[in-house]
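Just follow the structure's listing: the first ligand is 1, and inside any ligand the first atom is 1.
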Amino acid sequence: MAKIVVKFGGTSVGSVEKIISVAKILKKKFLKGDKIIAVVSAMAGKTNELIKHSEQISKNFNKRELDVLLASGEQVTSALLAGALNNLGIKSKSFMGWQIPILTSGEHNNSRIINMNIDKVNNFLTNKGIAIIPGFQGISEQGDITTIGRGGSDATAVAIAKIFKTDFCEIYTDVEGVYSTDPRYFPKAKKINKISYEEMLEMSSLGAKVMQSSAVQTAMIYDLPLHVRSTFSNKEGTKIFGPESIDYNKVITGVTYSKDDAKVTLLDVQDKPGVAADIFEPLGKNSINVDMVIQNISPDGKKTDLTFTLKRNDLNKAIKLIKSNKKKVKYKSISSDKKVSKVSIVGAGMITTPGVTYKMFRSLAQEKINILAISTSEIKISVIINEKQTNKAVKKLHSVFNLD
Ligand code: ASP
Ligand code: MG
């Protein structure tokens with residue numbers, strides 16, 4: 001008998017029929033003898049719809065009231081799921097964030113879970129019922145309803161798994177797990193059976209969005225095993241846990257890409273201590289995230305070229321900020337390219353395997369793909385290339401590193 005958290009995302013509870021299927025999944029687990037806490041998202045699209053309503057009133061809608069509004073989405077699915085279970089003859093009860101309570105701190109619309117009381121829910125589990133808890137919501141020390149940021153139901157599930165000391169946390173979603181690349185566009189993509197937290201974080205920050213990254217991070221810190229799987233099939237999903245899950249026979253676990261990058265190059269930047277800081281400080285202060293930075297060695301020690309990448313949305317703003325900083329940052333010219341993409345290979349196996357970098361570059365060259373920028377971490381190598389060549393690059397790397 002295990003004690004488990006089972007989380008269902010928005011598409012899994014996207015209609016009354018789907019909520020009834022979720023109830024059936026839970027009933028089956030319950031009859032096996034597991035103690036179950038189910039965490040639910042709002043119905044797919046609901047949170048966006050509620051935000052729209054608030055914006056119809058004001059773009060600066062009161063933040064406290066926005067949380068009251070948004071938390072209602074998860075309240076609806078919690079009640080429907082508990083009712084559906086009751087209807088199947090299973091004892092079940094919903095517990096709102098404020099009833100438990102799930103204590104949060106920080107600003108409205110973007111709070112953080114700091115603690116929760118386990119007594120009421122544990123009593124209910126001991127009395128043989130399935131507890132339903134809405135994701136995404138909590139209560140502040142002042143007693144106001146709060147929400148914890150978009151996609152926050154994953155974070156709720158992981159926090160509950162930790163604080164209730166459950167054996168593991170299952171994340172039910174609309175895909176069958178984590179894939180070696182995007183299965184929607186690359187039919188050769190393969191489902192990954194197990195993956196380490198670190199690899200999962202690299203994969204999701206690079207665009208393979210299956211779970212909220214901060215929730216994976218929390219799970220990593222507390223060494224909580226996660227299991228991502230589909231609500232709509234019986235297939236085993238992907239298990240995410242510590243380094244013991246790394247398959248060292250495989251050098252690379254996945255190939256990811258993002259198509260919303262841009263590149264900026266400054267030519268002949270004055271080469272003296274502090275210029276890089278002067279270039280990037282205004283960007284940072286304006287919440288612009290810089291991704292890769294490449295600075296050339298200056299042959300004469302006076303001038304250098306500097307290239308960096310960022311999200312395409314931020315490009316115009318970044319260029320404006322740099323141009324308006326002419327007093328501090330001197331350069332000959334600035335150019336940019338917004339038709340670039342980032343392609344990365346991720347795998348903990350590369351730590352122990354020499355030659356991965358060269359193999360990646362050689363295979364791209366064979367496809368006549370020019371590399372515009374490179375960055376590496378211990379378990380990831382990323383290149384910036386022309387956006388048009390993304391598909392070719394992903395296909396090639398997927399096959400060269402034996403993922404097909
Ligand atoms: N309903 C919230 C959202 O759409 C939380 C979640 O689904 O995880 O962001
Ligand atoms: Mg969601």
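Between the side chain of Asp261 and the backbone N or O of Val340, no donor-acceptor pair lies under 3.5 Å. In this structure, Asn386 contributes its side chain and Lys388 its backbone to a donor-acceptor pair below 3.5 Å.
In terms of heavy atoms, Val158 sits closest to Met211 at CG2-CE, 4.4 Å. Here the shortest heavy-atom pairing between Thr238 and Ile192 reads OG1-O, 2.7 Å.
Heavy-atom proximity to Ser41, at under 4.0 Å, picks out these atoms of ligand 1: 6 (C), 7 (O), 8 (O). Near Arg150, meaning under 4.0 Å from one of its heavy atoms, ligand 1 places the atoms 3 (C), 4 (O), 9 (O).
Ligand 1 is never approached by Gly73 to a heavy-atom distance shorter than 4.0 Å. Heavy-atom distances between Gly135 and ligand 1 stay at or above 4.0 Å for every pair.
Counting heavy atoms under 4.0 Å from ligand 1, residue Lys46 does not touch it at all.
On a distance-only criterion, Ser153 and ligand 1 share at least one N/O pair closer than 3.5 Å. Between Thr47 and ligand 1, a contact under 3.5 Å exists for at least one N or O pair. Residue Phe136 has no nitrogen or oxygen atom sitting less than 3.5 Å from a nitrogen or oxygen atom of ligand 1, judged on distance alone.
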Can you list, pair by pair, the side-chain donor-acceptor contacts under 3.5 Å of residues 123-130, counting residues two or more places apart and other chains?
residue, atom, partner, partner atom, Å
Thr126, OG1, Asn122, O, 2.7
Asn127, ND2, Asn123, O, 3.2

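Under the 4.0 Å criterion applied to side-chain N and carboxylate O atoms, Lys52 and Glu55 are not assigned as salt-bridge partners.
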